[in-house]
Amino acid sequence: MAVVCEASVFTRLNTEWQWVCAQDRNAQRVRAWLLEAAAPDVAEAPQSLDGLLEWLQERSLREGRGFSDVWLDALLRHATGDGGGAQLASRVVVQAMLPAAMRMAKRSVRADERLDDVAQVVVAALAQAVHTYPVHRPPVQVARHLRLEMWHHTSRDLAREFGPSEAELDEQLVAEPTARCDPALRAEEVWLERAAFEAGLEGDLEGARREMVELLVWALGQKVLCRGGVAAIADHYREGAPGDREAAQVVGMSSAAFRQKRSRAVAKLRAAAGEWAAAA
């Protein structure tokens, strides 16, 4: 998947990627790894390596991070291993994460720093994040954890290469590229939007509400809460929510019973919050 950027390091990587894709055996090896990991429908994917990666990313957009976690985890296990395919696996993951690296580089440039210099630091940080990725970690939100690992390496190396800057970098902004520029993040957004809709959670997915929706979707999927408990919490904390009396009348309950139902749901959610945080 070609990525266009004025920074020559990205141009060189894209040129190198074309050479990697031209070797038929590379596509065969990557496909074999994904089949071994039971990545869904990989046998139906294009035969070429660049076509395979594009198919994986497009499929991730449709199906969400559950799908991207499978193939990224499979490649990272080879990339961090001692086998002969470590370099190839690492290169595929780097290519998949280039949009995130490109955006991080652009957002990390400070006064008197050249984009290409910063981009080289970011790409080196990405390669390091891939090579040292903790594959013992449960394969959940793999792309997000890769971005965060990349940012931690980037922030450390930028300070070492260029020294402290008067301008403070926004860590969250740099480490969380927008969905428009990052296919893996867009996959997460599509998954959450669909899961929220299926759970009956209406409204925007920004800021604190997004975190609450993620927690409620997880709680519903893990059977910590039933749909009624999820609705009791979500409806109470959304903007413009009706008061307890009005909400209770809608479902045919007394205000006291309605509040008690919500309190029980909140207690269950609070008890399980640590498990959710660990999984995230």
Side-chain angles (χ1 to χ4, degrees), residues 1-31 33-34 39 42 45-61 67-68 71-76 78-80 84-109 113-133 142-151 153-154 157-158 161 174-188:
M1 182 177 179
V3 179
V4 179
C5 182
E6 59 270 36
S8 62
V9 62
F10 292 109
T11 301
R12 292 196 299 271
L13 284 171
N14 283 319
T15 301
E16 178 189 86
W17 177 244
Q18 293 175 6
W19 179 86
V20 172
C21 292
Q23 315 301 311
D24 291 339
R25 64 182 182 276
N26 289 338
Q28 295 169 5
R29 295 185 76 182
V30 173
R31 183 185 301 274
W33 294 335
L34 298 179
V42 169
Q47 296 296 313
S48 64
L49 184 54
D50 56 344
L52 175 59
L53 179 57
E54 186 172 352
W55 180 86
L56 290 169
Q57 292 177 315
E58 290 177 352
R59 181 75 177 263
S60 297
L61 289 177
F67 180 79
S68 63
W71 62 269
L72 280 172
D73 179 67
L75 293 175
L76 284 167
H78 285 277
T80 57
Q87 184 175 358
L88 173 60
S90 177
R91 186 63 186 84
V92 177
V93 177
V94 166
Q95 191 68 24
M97 298 297 295
L98 270 190
M102 184 172 68
R103 188 168 185 85
M104 187 175 292
K106 290 182 176 180
R107 284 181 163 178
S108 299
V109 174
E113 296 171 0
R114 295 176 59 249
L115 174 58
D116 192 41
D117 293 337
V118 174
Q120 291 186 52
V121 172
V122 173
V123 168
L126 170 57
Q128 180 70 6
V130 171
H131 180 68
T132 60
Y133 189 83
V142 177
R144 178 177 182 271
H145 288 304
L146 263 177
R147 288 194 303 272
L148 291 174
E149 291 290 334
M150 176 169 58
W151 167 241
H153 289 297
T154 295
D157 294 343
L158 282 177
E161 292 288 334
V174 175
E176 296 290 343
T178 63
R180 184 178 302 174
C181 294
D182 188 341
L185 183 58
R186 180 55 188 158
E188 294 179 14

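Residue His131 comes nearest to Ala79 through the heavy atom pair ND1-O, 4.1 Å, listed as atom of the first residue, atom of the second, then distance. The nearest pair of heavy atoms linking Ala27 to Leu49 is CB-N, 3.6 Å. Summarising the geometry of Ala101 relative to Leu126, their closest heavy-atom pair is CB-CD2, 4.0 Å, with the distance given to 0.1 Å. Closest approach of Val42 and Arg31 over heavy atoms only: O-NH1, 3.0 Å. In terms of heavy-atom proximity, Ala105 sits nearest to Ala119 at CB-CA, 3.9 Å.
Using a 4.5 Å heavy-atom threshold, the side chains of Arg12 and Gln120 count as touching.
No option in Val142, Leu56, Val92 other than Val142 meets the side chain to side chain contact (heavy atoms under 4.5 Å, CB included) test with Leu72.
With hydrogens and angles ignored, the 3.5 Å screen pairs a side-chain donor or acceptor of Asp116 with a backbone N or O of Val9. A side-chain donor-acceptor contact under 3.5 Å links Thr132 to the backbone of Gln128. No donor-acceptor pair under 3.5 Å is formed between the side chain of Asp157 and the backbone N or O of Val121.
To the nearest 0.5 Å, atoms CE (Met150) and CE (Met97) are separated by 5.0 Å. Between the NE2 atom of His153 and the CG atom of Leu148 there is a distance of 11.0 Å, given to the nearest 0.5 Å. Here the CH2 atom belonging to Trp71 is positioned 9.0 Å from the CG atom belonging to Leu52, to the nearest 0.5 angstrom. Rounding to the nearest 0.5 angstrom, the gap separating the OG1 atom in Thr154 from the CD atom in Glu149 is 11.0 Å.
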For this session: Show your reasoning for whether side-chain contact (heavy atoms from CB on, under 4.5 Å) applies to Trp17 and Leu53.
Result: CA-CA 11 Å; Trp17 177 244; Leu53 179 57; 3.7 Å; yes
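A parallel orientation is assigned to the rings of Trp33 and His78, their planes being inclined by less than 30° (bins at 30° and 60°).
Counted within 6.0 Å of CD on Gln23, heavy atoms from surrounding residues, nucleotides or ligands total more than 12; the atom is thus considered enclosed.
Donor-acceptor pairing under 3.5 Å is recorded for the side chains of Gln95 and Arg91.
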